[in-house]
Amino acid sequence: MLRTHTCGELNMTHAGQEVTLSGWLQRSRDMGGLTFIDLRDRYGITQLVFNLEVNSSLCIEARKLGREYVISAKGKVAERSNKNPKLPTGDIEIMVESFTVLNVSKTPPFTIEDNTDGGEELRMKYRYLDLRRGVNKRNLELRHKMAIATRNYLSDQQFIEIETPYLIKSTPEGARDFVVPSRMNQGQFYALPQSPQTFKQLLMVAGYDRYFQIVRCFRDEDLRADRQPEFTQIDCEMSFVTQEDILNTFEGLAKHLFKTVLNMEMSDFPRMPYDEAMRLYGSDKPDIRFGITITEINELVKGKSFKLFDDAELIAGINAEGCSEYSRKQLDELTEFVKRPQIGASGVVYIRYGLDGNPKSSVDKFYSPEDLLSILTKFSARPGDLILILAGKEEKTRTALGTLRLEMGKRLGLLKPGDFKPLWVVDFPLLEWDEETLRFYAKHHPFTSPKPEDIPLLETDPGAIRANAYDLVINGVEIGGGSIRIHNKDLQKKMFSVLGFSDEDAADQFGFLMNAFEYGAPPHGGIAFGFDRWTTIFGGGDSIRDYIAFPKNNSGRDVMIDSPSAIKEEQFRELGIKLAAYQLTSLPTATLPPTVNRPT
Ligand code: ASP
């Protein structure tokens, strides 16, 4: 037998038993006549002891073993004289009587410890060694726990998990498609799904009224900390439901995950209309772990000869409570912060509410102390507070303030780890106008239904239409989103035409869906959650990469297997792709179908 127990389970109740353990050599120490080896497997670490006096040749052999050797050791469980309360197995050790080397190991390029000396690049190249580290193991265990809890909950609610294909035709979700050439249909390509959106809708037409799938999705977009070219969704769809039913069902799922994975009882999630989220938090994914909402002050500051404010569409700010004594340097840092290109504000106007009750601002030239006090009142400020004001175009100023708000939350220590504040953001606009291309894009995707009362606006004012679309947000992270769908062919057709599709293009790309709608499509709606993101939030991590077994780096590469990589000429030939054609960098754009979402 290669093992009778794991390295994580032995304790004083096993004292005196003869056991065999197998695992990796974590570290060894020679202490005079004794040699200690920490043996590690997935379940924990157990101390092995070799005694030079009792069995000198065995002890000498043991001293030759290197880090990460795989060994199997047999011996008796004994009480330790020097107990380690930090280890579950810390009360015992194994007095080894014999061992076998199952495999040798080169010295690993970095230490297999939680605090390793290996940099990211090196760890990714040797990901199989990196995954031996406790932190990564705990992350993957958490992910597994989330997946099982999700399946159990949804299955109990009559959802069935159905797999949908990976080799499909484009599903527009706002990103570029990954494409796969077809050998059997030369010159033609599959697209990998950006999500199973159209298939899950077809499953509703087919009558599978509660579907889910923990499923891989593929989007060819620029990567950031919380993006991967392939990522996993908990994808769900239901028939005969209203938005209310969906929110309740999936709030149930979220509460179940909080309970089973984090042992947290959550009260009902607040719901916030999109407009309010933008107005108060400058974001459609507000972090509501802390207050500091945005206050608009146009009417108080315009007409006082301060050009920046007079020219601005919106003048608004936040109250950084208790920060009136911020130094010049701290204020300069905030100015630099908002001037970064990602935010693009021209600067910050501040008003200090002195502890003596007197205001002092960076615009004293234009505003009297009374003016300033009335602004402070609008912010419900108290002596000791600091008001930070931005001005400019409406949308941009709101989002800039949203980012500044988060920065202040961070600086003031208000983003407490372990504190979870979920909410639903509802009533999203259906469409988004793009100034560059001068056309509408779907805010969510083109299958989202307008609110019934807003349908007439399709003809008159498409930008004002609200959708039955919703997002689940936790601590400022969009965890999931979905919508009630269009299930009527004519409305779907109309929607494509608002999005700039010709009838032929719409029929070519989505004819199958519109045809299906002619065969008794039930009203339906759904949602999809970013599984990697959700796990990362629950794990308190910064990057989804840490919760994916084999992630890609920021350039979309897997540095371990070295992919993507060139393929053989032979493979091109089989696919009927001429090398010269493949190497062309620009194809005529006219051959590309219109996109329905603005590329993200
Ligand atoms: N397919 C959508 C997405 O991937 C989610 C949904 O509408 O259910 O974002």
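- Using a 30° and 60° split on the angle between ring planes, Phe159 and Phe212 fall in the perpendicular class, above 60°.
- Between Gly384 and Leu355 the shortest heavy-atom distance is CA-CD2, 3.7 Å.
- Glu251 places no side-chain N or O within donor-acceptor distance of the main-chain N or O of Asp268, the cut-off being under 3.5 Å.
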- Task: For the pair Val498 and Leu430, evaluate side chain to side chain contact (heavy atoms under 4.5 Å, CB included) and give the outcome as yes or no after the intermediate values.
- Result: CA-CA 11 Å; Val498 172; Leu430 182 73; over 6 Å; no
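- Considering every non-hydrogen atom in both Gly347 and Thr335, the closest pair reads CA-CG2, 4.2 Å.
- The residues Arg340 and Glu336 are annotated as not salt-bridged, no charged nitrogen and carboxylate oxygen being separated by less than 4.0 angstrom.
- Salt-bridge formation is detected for the pair Lys378/Glu299: a Lys NZ or Arg NE/NH1/NH2 atom is positioned less than 4.0 Å from an Asp or Glu carboxylate oxygen.
- Residues Ile474 and Trp534 have side chains in contact (heavy-atom distance under 4.5 Å, counting atoms from C-beta outward).
- Tyr211 and Gln213 are linked by a side-chain donor-acceptor pair at a separation below 3.5 angstrom, with hydrogens and angles left out of the test.
- Between the side chain of Asn475 and the backbone N or O of Lys421, at least one donor-acceptor pair lies under 3.5 Å.
- With hydrogens and angles disregarded, a donor-acceptor distance shorter than 3.5 Å links the side chain of Lys302 to the backbone of Ala312.
- Contact between Arg405 and Ile292 at its shortest, heavy atoms only, is NE-O, 2.8 Å.
- Counting non-hydrogen atoms of neighbouring residues, nucleotides and ligands closer than 6.0 angstrom, the CG atom of Asn115 reaches no more than 12 such neighbours.
- For the pair Val135/Thr116, no side-chain contact is recorded, criterion being any heavy-atom separation below 4.5 Å from C-beta on.
- Not one N or O on the side chain of Asp156 forms a donor-acceptor pair closer than 3.5 Å with the backbone of Tyr153.
- Atom CG of residue Asn554 and atom OG of residue Ser543 lie 8.0 Å apart, to the nearest 0.5 angstrom.
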- Candidate pair Arg138 and Asp546, rule salt bridge (charged side-chain N to carboxylate O under 4.0 Å, His left out), full reasoning: CA-CA 10 Å; Arg138 287 189 291 279; Asp546 297 336; over 6 Å; no
- Could you give me the CA-CA distance, side-chain angles and deciding distance for Glu296 and Arg398, then say whether salt bridge (charged side-chain N to carboxylate O under 4.0 Å, His left out) is met? CA-CA 10 Å; Glu296 298 175 17; Arg398 279 194 211 291; 2.7 Å; yes
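- Taking the centre and axis of the six-membered ring of Phe538, the NZ or CZ atom of Arg533 falls outside the cone set by 45° and 6.0 Å.
- Judged by distance alone, the side chain of Asp177 and the main-chain N or O of Asp220 form no donor-acceptor pair under 3.5 Å.
- A heavy-atom distance below 4.5 Å is found between the side chains of Phe447 and Leu513.
- For Arg279 and Asp275, the salt-bridge test fails: no basic side-chain N is under 4.0 Å from an acidic carboxylate O.
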- Task: Let me see the working for Asn136 and Asp130 under side-chain hydrogen bond (donor to acceptor under 3.5 Å, both in side chains), right down to the final yes or no.
- Result: CA-CA 7 Å; Asn136 286 324; Asp130 192 31; 3.3 Å; yes
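- Between atom CG of residue Asn553 and atom CG of residue Asp558 there is a gap of 8.5 Å, rounded to the nearest 0.5 Å.
- Across all non-hydrogen atoms, the minimal contact from Pro450 to Asn468 is O-ND2, 4.3 Å.
- Between Phe269 and Phe258, the ring planes lie perpendicular to each other; the angle is over 60°, past the 30° to 60° tilted range.
- Annotation: side chain of Gln194 is not in contact with side chain of Arg176 (no heavy-atom distance under 4.5 Å).
- Residues passing the side-chain contact (heavy atoms from CB on, under 4.5 Å) test with Arg382, sequence neighbours excluded: Glu321, Asp385.
- Salt-bridge annotation for Arg545 and Glu120: present, with a side-chain N of the basic residue lying under 4.0 Å from a carboxylate O of the acidic one.
- By the 30° and 60° cut-offs, the orientation of the rings of Tyr470 relative to Trp424 is perpendicular.
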- Stepwise, does the salt bridge (charged side-chain N to carboxylate O under 4.0 Å, His left out) test hold for Lys200 with Asp235? CA-CA 9 Å; Lys200 67 175 174 175; Asp235 188 46; 2.7 Å; yes
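- Separating the CD atom in Gln197 from the CZ atom in Arg485 is a distance of 4.0 Å, to the nearest 0.5 Å.
- Inter-residue side-chain proximity for Tyr547 and Leu140 is flagged as unmet; no heavy-atom pair is nearer than 4.5 Å.
- Aromatic ring centres of Tyr166 and Phe218: separated by under 6.0 Å.
- Screening residues 464-473 for salt bridge (charged side-chain N to carboxylate O under 4.0 Å, His left out) gives Glu453-Arg466, Asp454-Arg466 as the qualifying pairs, with residues at least two apart or on separate chains.
- The pair Glu432-Lys443 meets the salt-bridge criterion, since a charged nitrogen lies less than 4.0 angstrom from a carboxylate oxygen.
- For Glu161, the salt bridge (charged side-chain N to carboxylate O under 4.0 Å, His left out) partners are Arg151, not counting sequence neighbours.
- Aromatic ring pairs are classed by plane angle as parallel below 30°, tilted from 30° to 60° and perpendicular above 60°; the pair Tyr367 and Phe309 is tilted.
- Counting only heavy atoms from C-beta outward, the side chains of Met408 and Cys323 approach each other to under 4.5 Å.
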- Please test Ile148 against Met146 for side chain to side chain contact (heavy atoms under 4.5 Å, CB included), starting from the C-alpha separation and ending with a verdict. CA-CA 6 Å; Ile148 294 290; Met146 301 270 295; over 6 Å; no
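- When all heavy atoms of Leu431 and Ala442 are compared, the pair lying nearest together is CD2-CA, 4.2 Å.
- Of the charged side-chain nitrogens involved, at least one lies within less than 4.0 Å of a carboxylate oxygen, so that Arg143 and Asp532 count as a salt-bridged pair.
- Using a cutoff of 4.0 Å between basic side-chain nitrogens and carboxylate oxygens, Lys259 and Glu265 are scored as salt-bridged.
- To the nearest 0.5 Å, the span separating CD on Glu230 from CZ on Arg216 amounts to 5.0 Å.
- Here the straight-line distance linking atom CD of Gln158 with atom OG1 of Thr249 works out to 12.0 Å at 0.5 Å rounding.
- A distance of 12.5 Å separates CD1 of Ile544 from CG of Asn139, quoted to the nearest 0.5 Å.
- Not one N or O on the side chain of Tyr350 forms a donor-acceptor pair closer than 3.5 Å with the backbone of Lys360.
- When all heavy atoms are compared, the tightest approach of Ile234 to Leu154 is CG2-CD1, 4.2 Å.
- Geometrically, Arg439 engages Tyr441 in a cation-pi contact defined by less than 6.0 Å to the ring centre and at most 45° from the axis.
- A salt bridge links Glu244 with Arg271; the closest basic N to acidic carboxylate O contact falls under 4.0 Å.
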